[in-house]
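All residue numbers refer to positions in the sequence shown, counting from 1. Keep in mind that this is a model prediction, so the values were computed, not measured.
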Amino acid sequence: PPLAAGQRRKWEEWEYIWYPTMASAALILTFGLTSRPDSGVMAWALEEAREKEARAIASMQARDRAAAVEQASLGSHPSS
């Protein structure tokens with residue numbers, strides 16, 4: 001039944017636990033889901049592409065160093 005004017009409803013025992021628990025769960029889920037790592041296929045592909053690019057750059061640098069060592073051992077100078 002509706003309460004008379006000026007009266008307030010009294011909380012039941014379970015409400016004292018339920019409301020704070022649900023509010024805490026909502027906060028934890030919000031924070032947890034927004035801070036999770038990106039595990040989508042686009043993030044995976046971007047990481048793979050960056051690793052492949054880094055390997056290619058390292059390979060080119062190693063090849064250039066080997067060529068410089070070879071030129072130095074032959075006594076020739078790189079042309080300008």
- Output, in order, the C-alpha distance, side-chain angles, deciding distance and verdict of side-chain contact (heavy atoms from CB on, under 4.5 Å) for Lys52 and Arg55. CA-CA 5 Å; Lys52 186 176 181 179; Arg55 285 192 304 267; 3.8 Å; yes

- Message: Are Glu51 and Glu48 packed together at the side-chain level, in the sense that at least one heavy-atom pair is separated by less than 4.5 angstrom?
- Response: yes

- Query: In Å and rounded to the nearest 0.5 Å, what is the NZ to CD distance from Lys10 to Gln7?
  - Reply: 13.0 Å

- Check the hydrophobic clustering (I, L, V, M, F, W, Y; side-chain heavy atoms under 4.5 Å; chains of links allowed) and say if Trp11 and Trp18 are grouped together. yes

- Query: Hey, what do you get for CD (Gln61) to CZ (Arg63), rounding to the nearest 0.5 Å?
  - Reply: 10.5 Å

- Query: Got a sec: does the CD of Glu47 have more than 12 other heavy atoms crowding it under 6.0 Å?
  - Reply: no

- Supply the atom-to-atom distance Met22 CE to Ile17 CD1, rounded to the nearest 0.5 angstrom. 11.0 Å

- Task: Would you check if Arg9 and Leu3 make a side-chain contact, meaning some heavy-atom pair closer than 4.5 Å?
- Result: yes

- Establish whether Tyr16 and Trp14 are linked, either directly or via other cluster members, by ILVMFWY side-chain heavy-atom contacts under 4.5 Å. yes

- To the nearest 0.5 Å, how far apart are CG in Leu46 and CG in Asp38? 9.5 Å

